[in-house]
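Below is one structure, written out as structure tokens; comments come after it.
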Protein chains: 2
Amino acid sequence: MFSKACEYAIKAMVFIQYKSQQNETTNLSEIAEAIDSPAAFTAKILQQLRKSDLLESIMGVKGGFRILENKQISLKEIIITIDGNGIFSHCVLGLKACSAANPCPMHHKYAIVRQEMERIMQKTFLVDLANQLILKKISLK
Amino acid sequence: MFSKACEYAIKAMVFIQYKSQQNETTNLSEIAEAIDSPAAFTAKILQQLRKSDLLESIMGVKGGFRILENKQISLKEIIITIDGNGIFSHCVLGLKACSAANPCPMHHKYAIVRQEMERIMQKTFLVDLANQLILKKISLK
DNA sequence: TTAAAATCGGATAATTTTGTCCGATTTTTT
DNA sequence: AAAAAATCGGACAAAATTATCCGATTTTAA
């Protein structure tokens, strides 16, 4: 479904959101530990997210990552940053020319799934998921 | 979503079904041409499908591939043969321990998408798609 | 001012996926 | 019987994704 990079990105962002809500910045090793991901690879992903302005980084001792309080970040934004918008737009069968006017065999049937996926990712925000974490209702490992 | 191999598999199977309904066997180069795929790679995929008994091959001159008349093959069978059942069962975030009892942040929200996907793939059969091809309602390229 | 702890960025390595090549075998046709 | 047209299977190659390493820079604290 999503690339590994994207899975890590979502999990990392949920964790950073969780920490940020408690007014704490968190650093790479803490994040990697929390989401059980390879640290160096996770660092690359965090850079991408930072460049897309989805999070803030602080360099130096006591540095780390955080999400600004006023930010409302949807999963869709993260997915598009890391994996591009292919999952929301590309043909299920990978046909470049596929469209409503020139549909592939699956086009119409699959439209519902794609639409529902987009809807869910668009209206699920990091805050929602971080709150679940606080309630210990969910796991990131 | 699906691997390239799986995309090729579905398209190839639709085309072979289409030909088989007209009582024709089709061969590798014809298939690859019809679905615009690399022939040698497609050959590997057809072998997998044959070993899973989703199609029949005939060796030698006038050989090729065909699907037996009595077979009702769903897309789900093809997907599971090539990509495994991960897309229908694995956690969206790639968590091994994720389940209804120990859910990841996305678990409950995503359940609907996964269920709908499985439902569609299970009840879409090659015959349905091949019939669309006959009517020239759809494209495989 | 120096050491330590952190991000940053570039290079490289490992793994997986995608794709190619070729010799062997099978079957049909001449 | 020989040639041709096809699948079969194994080895190999290329590309993409995932993962690691390390030196440079920034910031804090001793």
Side-chain atoms of A:Phe41 come closest, of D:dA19, C:dT20, C:dT7, to D:dA19

Interatomic distance where CG belongs to A:Leu49 and P belongs to C:dT7 [whole Å]: 14 Å

Do the side chains of B:Leu68 and B:Glu56 get nearer than 4.5 Å, heavy atoms only? yes

How many whole angstroms separate atom CD1 of A:Ile16 from atom P of C:dT7? 10 Å

Just verifying a value: how many Å separate A:Glu118 CD and A:Asn85 CG, rounded to the nearest 0.5 Å? 8.5 Å

Spacing of CG belonging to B:Asn102 relative to NZ belonging to A:Lys137, to within rounding of 0.5 Å: 13.5 Å

Decide yes or no for B:Gln21 and B:Asn131: does some side-chain heavy atom of the first lie under 4.5 Å from some side-chain heavy atom of the second? yes

Look at the side-chain N and O atoms of A:Tyr8 and state whether any lies under 4.0 Å from the OP1 or OP2 oxygen of D:dT18. no

Ranking C:dG19, C:dT7, D:dT7 by distance to the side chain of A:Phe65, first place goes to C:dT7

Check the distance between C:dT7's P and A:Gln48's CD and give it to me in whole angstrom. 17 Å

Pairs involving residues 40-59 of chain A, ordered by first then second residue, that meet ring pair (Phe, Tyr, Trp, His ring centres under 6.0 Å) (sequence neighbours left out): A:Tyr8-A:Phe41

Write down the distance between CD1 (B:Ile45) and P (C:dT17), rounded to a whole number of angstrom. 13 Å

I'd like a table of atom pairs between the protein and nucleotides 27-30 of chain D - only N or O on both sides, under 3.5 Å - with the distance next to each one.
residue : atom : partner : partner atom : Å
D:dT27  : O2   : A:Val61 : N            : 3.2

Residue pairs passing the ring pair (Phe, Tyr, Trp, His ring centres under 6.0 Å) test with at least one member in residues 57-77 of chain A, sequence neighbours excluded, are none

Nearest whole angstrom, please: distance from the C1' of D:dA6 to the CG of B:Leu46. 13 Å

salt_bridge(A:Glu77, A:Lys71) N-O dist < 4.0 Å: no

Between the protein and nucleotides 9-15 of chain D, which nitrogen or oxygen pairs are less than 3.5 angstrom apart?
residue : atom : partner : partner atom : Å
D:dG9   : OP2  : B:Arg50 : NH2          : 3.1
D:dG10  : N7   : B:Lys44 : NZ           : 3.1
D:dG10  : O6   : B:Lys44 : NZ           : 2.4

Would you find a donor on one side and an acceptor on the other, under 3.5 Å apart, between the side chain of A:Asp83 and the backbone of A:Ser3? yes

Students often get this wrong, so: under 4.0 angstrom with heavy atoms, is B:Ser29 touching a base, only sugar-phosphate, or nothing? nothing

Contacting residues from residues 32-40 of chain A, given that a heavy atom lies under 4.0 angstrom of DNA chain D: A:Pro38, A:Ala40

So what does B:Leu28 hit on the nucleic acid, given a heavy-atom distance under 4.0 Å: a base, only sugar-phosphate, or nothing? sugar-phosphate

Rounded distance (Å) that lies between atom C1' of C:dA5 and atom CD of A:Glu30: 14 Å

Here the gap from B:His108 atom NE2 to A:Ile120 atom CD1, rounded to the nearest 0.5 Å, amounts to 13.0 Å

Listed once per pair and sorted, the ring pair (Phe, Tyr, Trp, His ring centres under 6.0 Å) pairs that draw on residues 118-141 of chain B, sequence neighbours left out: none

For the side chain of B:Asn27, starting at C-beta, report the closest nucleotide among C:dT7, D:dT7, C:dT18. D:dT7

Sidechain N-carboxylate O distance under 4.0 Å for B:Arg66, B:Glu24: no

Sorted by position of nearest nucleotide on DNA chain D, 5' first, the leading residue of B:Gly63 and A:Lys4 is B:Gly63

Quickly, which of B:Cys98, B:Cys104, B:Pro105 forms a side chain to side chain contact (heavy atoms under 4.5 Å, CB included) with A:Leu140? Name it, please. B:Pro105

In terms of the nearest nucleotide of DNA chain C, which residue is placed more toward the 5' end: A:Ile31 or B:Cys6? A:Ile31

CD1 of B:Ile82 versus P of C:dT18: gap in Å, rounded? 11 Å

